[in-house]
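Only one structure is covered here, and it is reproduced in the block below.
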Amino acid sequence: MSTPCDFWVRRDDYSQTRFVEPAADAHALDDGQALLRIDHFALTANNVTYAAAGDMLNYWSFFPADEGWGRIPVWGFADVVASRCPDLAEGGRYYGYYPMSTHLRVAPVRVSETGFFDGSEHRQAMAATYNQYRDVAADPGYRADGEAAQMLLHPLFTTGFLIDDALGDAAFHGAEAVVISSASSKTGFALAFQLAQRGSVRVIGLTSPGNRSFTEGLGCYDQVCTYPEISSLDASVPTAYVDMAGNGSITGEVHRHFGAQLRHSLVVGMTHWKEGQRPEGMPGPEPEFFFAPTQVQKRHQDWGAAGLQERVGKAFLAFQGLSDRALQVVRGGRGDLDRVYHELLEGRTAPDVGHVLGLHEGE
């Protein structure tokens, strides 16, 4: 059996990391608790955003660490290896929100044939979307050989789906074009794919020169330009901006270029977290941060939880043709995690690569 471990990150300096062996009683169970063995998880630029927005959106609170340190959440699969919850049997496999660790102790509540929610006290203030664990045995779309794609893309596609849904619900704030920064990112081209299905707005991708060819090859952007080419965009067209990069200087340039024709500015990601400071006095609308659970809650009220899940599932099936063509899955273990994490942190990961990792040694 491999040594249990957690991966910690300094909350004031994301480049500082360490592996920590949990306390001796960290996996001991009280009545009503269960222990999950985390099999594997996806690690993408989206997880860097979780760190960068950790204090603002409370991401650090899901999986506590010592003062000054944090555990970045990831999406993955785990198995129930011990249970003192009468409603949750050992042996089940669950998809959900995990730390980069070998194990997670949970307090299952609202257990049903489809899964459960973690009722641990410290998680109750957070969005319920992140506290839900889905039983793969009850998921009609689950395939064992499709776990990598589900981990890597389904959460990011869902975010893209919800952004598209929110923009469409607001009639795009009067915009006729949507500009997406970090257009080669998985969330970026998921949003672009959804917008392209509508066909009601022009979809423009902003990317680095090195990622231009990849982004153009996706086939879901009407136009792709690099960051130095922002000034070439037609500033007379009413435009909405979706910022996946979190680069303050780029946001400032987009706002100055479009001026009064910029109808909406939405902040989603922080892949350029080091350049996050925005210039003061930008023209146009004040940038708003997009928090996916807010739109989830709205659609739960409108459509019901099952209705939203059905719509996302149907859209994701259509998206998989593009994602299968665009993504190369690279697997790794404990010895790869620190390197992969720093590559993502520094923006050195190729856009067509998706990392799936596990922390159990000897597997």
Side-chain angles (χ1 to χ4, degrees), residues 46 49-50 53 56-59 62 73 75 95-97 109-119 123-135 138-142 150 153-178 180 186-201 203 220 238 240-244 263-269 285-320 322-323:
N46 184 56
T49 294
Y50 286 158
M56 178 171 60
L57 297 180
N58 222 19
Y59 289 124
F62 283 94
W75 293 91
Y95 170 72
Y97 208 52
V109 296
R110 296 160 60 186
V111 181
S112 70
E113 62 179 12
T114 60
F116 67 89
F117 289 78
D118 184 3
R123 295 181 66 164
Q124 297 320 293
M126 274 75 86
T129 300
Y130 298 125
N131 290 338
Q132 185 175 16
Y133 293 85
R134 299 186 183 278
D135 188 342
D139 181 355
Y142 171 79
Q150 184 171 348
L153 292 169
H154 197 275
L156 307 182
F157 175 80
T158 300
T159 300
F161 177 97
L162 293 168
I163 298 167
D164 167 76
D165 180 54
L167 289 173
D169 201 35
F172 294 93
H173 303 271
E176 298 173 9
V178 176
I180 304 170
K186 297 169 184 65
T187 310
F189 70 75
L191 170 59
F193 179 86
Q194 286 300 104
L195 291 169
Q197 307 313 297
R198 289 179 181 268
S200 56
V201 291
V203 187
C220 51
Y241 178 51
V242 181
D243 179 17
M244 299 289 180
R263 304 301 171 85
H264 191 60
S265 183
L266 198 62
V267 181
V268 180
E286 182 69 19
E288 299 177 9
F289 199 93
F290 182 78
F291 187 49
T294 301
Q295 189 67 12
V296 168
Q297 185 177 18
K298 180 182 188 301
R299 288 315 193 190
H300 278 179
Q301 294 172 351
D302 296 339
W303 302 333
L308 174 59
Q309 187 174 349
E310 180 182 355
R311 286 169 170 83
V312 173
K314 183 178 179 180
F316 185 64
L317 285 175
F319 176 70
Q320 282 184 300
L322 170 61
S323 64

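Positions are given from 1, in the same order as the sequence printed here. As the structure is a computational prediction, the values presented were derived from the model and not from experiment.
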4.5 Å side-chain heavy-atom contact, V203 and V178: no

For G168 and R198 the tightest heavy-atom approach is CA-NH2, 3.7 Å

Hey, what do you get for CZ (F172) to NE2 (H264), rounding to the nearest 0.5 Å? 11.0 Å

Could you state the interatomic distance from NE2 (H154) to CG (L156), rounded to the nearest 0.5 Å? 10.5 Å

With rounding to the nearest 0.5 Å, note down the distance linking OH in Y95 to CG in D135. 14.5 Å

Looking at A196 and C220, what are the two nearest heavy atoms and their distance? CB-O, 3.9 Å

Just to verify, which of Q301, Q295, Q297 counts as forming a side chain to side chain contact (heavy atoms under 4.5 Å, CB included) with R299? Q295

Test salt bridge (Lys or Arg N to Asp or Glu O under 4.0 Å) on K298 and D165; report intermediate values, then the result. CA-CA 11 Å; K298 180 182 188 301; D165 180 54; over 6 Å; no

Taking every heavy atom of A240 against every heavy atom of A175, the minimum-distance pair comes out as N-CB, 3.5 Å

Parallel under 30°, tilted from 30 to 60°, perpendicular over 60°: which one fits the rings of W303 and F161? perpendicular

If you define the side chain from C-beta out and look only at heavy atoms, does anything of V201 sit under 4.5 Å from E176? no

Heavy-atom check, side chain of L57 versus side chain of Y50, under 4.5 Å: no

CA sep, side-chain torsions, deciding dist, call: L162, F290, side-chain contact (heavy atoms from CB on, under 4.5 Å): CA-CA 9 Å; L162 293 168; F290 182 78; 3.9 Å; yes

Determine all donor-acceptor pairs shorter than 3.5 Å in which one atom belongs to a side chain in residues 306-314; sequence neighbours excluded.
from	atom 1	to	atom 2	distance (Å)
Q309	OE1	R134	NH1	3.4
R311	NH1	G307	O	3.2

Using a 4.5 Å cut-off on heavy atoms from C-beta on, say whether the side chain of Y97 contacts that of T129. no

Minimum heavy-atom separation for A127 and P293, please, with both atom names. CB-CB, 3.6 Å

Let me confirm one number: the CZ-OH distance from F62 to Y130, rounded to the nearest 0.5 Å. 7.0 Å

Find the distance between CG (L195) and CZ (F189) and round it off to the nearest 0.5 Å. 14.0 Å

Got N46 and K186 here, is their nearest side-chain heavy-atom distance under 4.5 Å? no

List the atom of F193, the atom of A318, and the distance in Å for their closest heavy-atom pair. CZ-O, 3.6 Å

Is any side-chain heavy atom of Q194 less than 4.5 Å from a side-chain heavy atom of F157? yes

Validation row: D118, Y133 side chains within 4.5 angstrom (heavy atoms): yes

Residue pair P155 / W75: nearest heavy atoms and the distance that separates them: CG-CG, 3.4 Å

Verdict with reasoning, R263 to Y241, per side-chain contact (heavy atoms from CB on, under 4.5 Å): CA-CA 8 Å; R263 304 301 171 85; Y241 178 51; over 6 Å; no

Between CG of L191 and CD1 of I180, what distance do you get to the nearest 0.5 Å? 4.0 Å

V268 versus D243: any side-chain heavy-atom pair under 4.5 Å? no

Does any pair with a residue in residues 188-197 pass salt bridge (charged side-chain N to carboxylate O under 4.0 Å, His left out), and if so which ones, sequence neighbours excluded? none

